[in-house]
Number of protein chains: 2
Amino acid sequence: MMELTRKGEYAIRGIVFLASRPPEQVCLLSDIAAAVDVPPTFLAKIFQQFSKIGLVKSYRGTGGGFVLGRTPDRITLLEVVEAVEGPITPNRCVIKEGECPRDTSCNVHPVWVDVQQQVRDILNSVTLQKLAQR
Amino acid sequence: MMELTRKGEYAIRGIVFLASRPPEQVCLLSDIAAAVDVPPTFLAKIFQQFSKIGLVKSYRGTGGGFVLGRTPDRITLLEVVEAVEGPITPNRCVIKEGECPRDTSCNVHPVWVDVQQQVRDILNSVTLQKLAQR
DNA sequence: ACTAAAAAGACATTATAAGTCTTTTTTATG
DNA sequence: CATAAAAAAGACTTATAATGTCTTTTTAGT
Ligand code: SF4
Ligand code: SF4
């Protein structure tokens, strides 16, 4: 239960690797994929998502590739995970008020709110800088 | 991400309802299903799982049905969830040592261990008694 | 024997995950 | 400007898991 998908795992591996490289060095997707052992075509999709929200910056054409969108100390694991997996939602009812008709009277509901909060807090407290250091 | 399945949600609803009933009262599966708005055949499967590990006690034949296997203050939400969803595993690598070849050197690994611990702690601190009170 | 109920197992359907393939767009460089 | 290198975009597969349903069997009370 509550398992990260491969996509999420790959996303983390890829961007942590990128964070471990010299700051201004443009990295080829194919090199990243090889380094972290992920199917290149799959990682491409993931980095496209990163690029759209600015987590990474991409350069197209000859000499192109990827760099981090921000310094690694300002990117958290939470952002990375939510970028590809969507929001942390231990149960439907925490997505928004009224998702479940029972939510006002339900004693279980606050537990899921708590779980969501704790998990978000943990992931938010971890930066790529921390993860990239050896 | 990290979303409880319907099965898990239904399982909780069902057993919480059972916990809210007078202790020795034998409940029909069909009644429970109707009360918590779950497909009866699906809930049957769930309660079979409960029964196997003793979370509930079942009586077959005429006058049969279900009662809690223990008093509601000694059943935690963690047990209920893990009974039907399996262990809380935010990522493969926390299942057991060596699941991921990188786990010894990986800086992300301890984060997932932490998440697992926190979630288990929260769910383990909630009893059916708490959940069943109105 | 008859009936009420859960247990067991096979089956069906749908949704999501996981990954591939092809085509298009962008850009540096000779 | 032609070419090649690289990411972006979109369509497509395939595998796995979620969400049930249906039928038959076992058990137990009357
Ligand atoms: S935990 Fe309660 S509020 Fe949330 S989905 Fe279940 S019944 Fe609804
Ligand atoms: S977090 Fe680290 S140890 Fe866990 S699966 Fe990913 S690479 Fe392996």
Side-chain angles (χ1 to χ4, degrees), chain A residues 1-15 18 25-34 36-69 81 83-87 89-92, chain B residues 1-15 18 25-34 36-69 81 83-87 89-92:
Chain A
M1 188 225 171
M2 313 275 240
E3 205 160 315
L4 193 72
T5 65
R6 303 248 163 142
K7 188 173 170 189
E9 165 67 20
Y10 294 164
I12 297 168
R13 279 197 221 166
I15 202 167
L18 192 56
Q25 182 181 330
V26 176
C27 288
L28 290 185
L29 182 77
S30 54
D31 290 347
I32 303 171
V36 300
D37 194 27
V38 170
T41 55
F42 199 6
L43 194 64
K45 291 299 179 192
I46 293 166
F47 268 64
Q48 281 170 29
Q49 288 188 259
F50 284 161
S51 180
K52 274 180 192 161
I53 60 173
L55 274 188
V56 303
K57 243 191 110 177
S58 73
Y59 299 97
R60 297 163 74 151
T62 311
F66 295 90
V67 295
L68 277 189
V81 169
V84 297
E85 301 267 22
T89 53
N91 201 355
R92 282 163 186 71
Chain B
M1 185 221 173
M2 314 274 239
E3 205 159 315
L4 192 72
T5 65
R6 303 248 165 155
K7 188 174 170 187
E9 166 66 20
Y10 294 165
I12 297 169
R13 278 197 221 166
I15 202 167
L18 192 56
Q25 181 182 331
V26 176
C27 289
L28 290 185
L29 182 78
S30 54
D31 290 347
I32 304 171
V36 299
D37 194 28
V38 170
T41 55
F42 199 6
L43 194 65
K45 291 299 178 189
I46 293 167
F47 269 63
Q48 281 169 29
Q49 288 188 259
F50 283 161
S51 180
K52 273 181 191 158
I53 60 173
L55 273 189
V56 304
K57 245 189 108 179
S58 73
Y59 300 97
R60 298 164 73 152
T62 311
F66 295 90
V67 294
L68 277 189
V81 169
V84 296
E85 301 267 23
T89 53
N91 201 355
R92 283 162 185 72

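Protein chains get the first letters and strands the later ones, always in sequence-line order, with residue 1 at the start of each. The basis for the numbers below is simple: all heavy atoms, side chains too, and nothing from hydrogens, waters or symmetry mates.
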Within the pair [X] and [N], is there a side-chain N or O less than 4.0 Å away from OP1 or OP2?
{"X": "A:Thr62", "N": "C:dT26", "value": "no"}
{"X": "A:Ser58", "N": "D:dA6", "value": "no"}
{"X": "B:Tyr59", "N": "D:dG29", "value": "no"}
{"X": "A:Tyr10", "N": "C:dA18", "value": "no"}

Rounded to whole Å, how long is the line connecting atom [atom1] of [X] with atom [atom2] of [N]?
{"X": "A:Phe42", "N": "D:dA15", "atom1": "CZ", "atom2": "C1'", "answer": "13 Å"}
{"X": "A:Met1", "N": "D:dA18", "atom1": "CE", "atom2": "P", "answer": "11 Å"}
{"X": "B:Leu28", "N": "D:dG29", "atom1": "CG", "atom2": "P", "answer": "15 Å"}
{"X": "A:Met2", "N": "C:dA17", "atom1": "CE", "atom2": "P", "answer": "15 Å"}
{"X": "A:Ile46", "N": "C:dT20", "atom1": "CD1", "atom2": "P", "answer": "12 Å"}
{"X": "A:Glu85", "N": "C:dT16", "atom1": "CD", "atom2": "C1'", "answer": "12 Å"}
{"X": "A:Leu29", "N": "D:dA9", "atom1": "CG", "atom2": "C1'", "answer": "14 Å"}
{"X": "B:Glu3", "N": "D:dA18", "atom1": "CD", "atom2": "P", "answer": "12 Å"}

Electrostatic pair B:Arg92:A:Glu3 at N-O distance under 4.0 angstrom: yes
Working for side chain to side chain contact (heavy atoms under 4.5 Å, CB included), residues B:Leu29 and B:Phe66: CA-CA 7 Å; B:Leu29 182 78; B:Phe66 295 90; 3.9 Å; yes
Proximal nucleotide (of D:dA8, D:dG20, C:dA8) relative to the B:Gln48 side chain: C:dA8
Of A:Thr5 and A:Gly63, the one whose closest DNA chain C nucleotide lies more 5': A:Thr5
Heavy atoms only, 4.0 Å cut-off, all strands: where does [X] land among base, sugar-phosphate and nothing?
{"X": "A:Lys57", "answer": "nothing"}
{"X": "B:Ser51", "answer": "sugar-phosphate"}
{"X": "A:Lys45", "answer": "base"}
{"X": "B:Thr41", "answer": "base"}

Distance-only donor-acceptor test (3.5 Å): side chain A:Arg60, base C:dT27: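 Check fails, no donor-acceptor contact within cut-off.
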Under 3.5 Å: donor-acceptor pair, side chain of A:Thr5, backbone of A:Gly8: yes
Exam field: side chain B:Glu9 to backbone B:Leu4, donor-acceptor pair closer than 3.5 Å: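 Absent.
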A:Leu43 side, atom CG; A:Ile15 side, atom CD1 - distance, nearest 0.5 Å: 10.0 Å
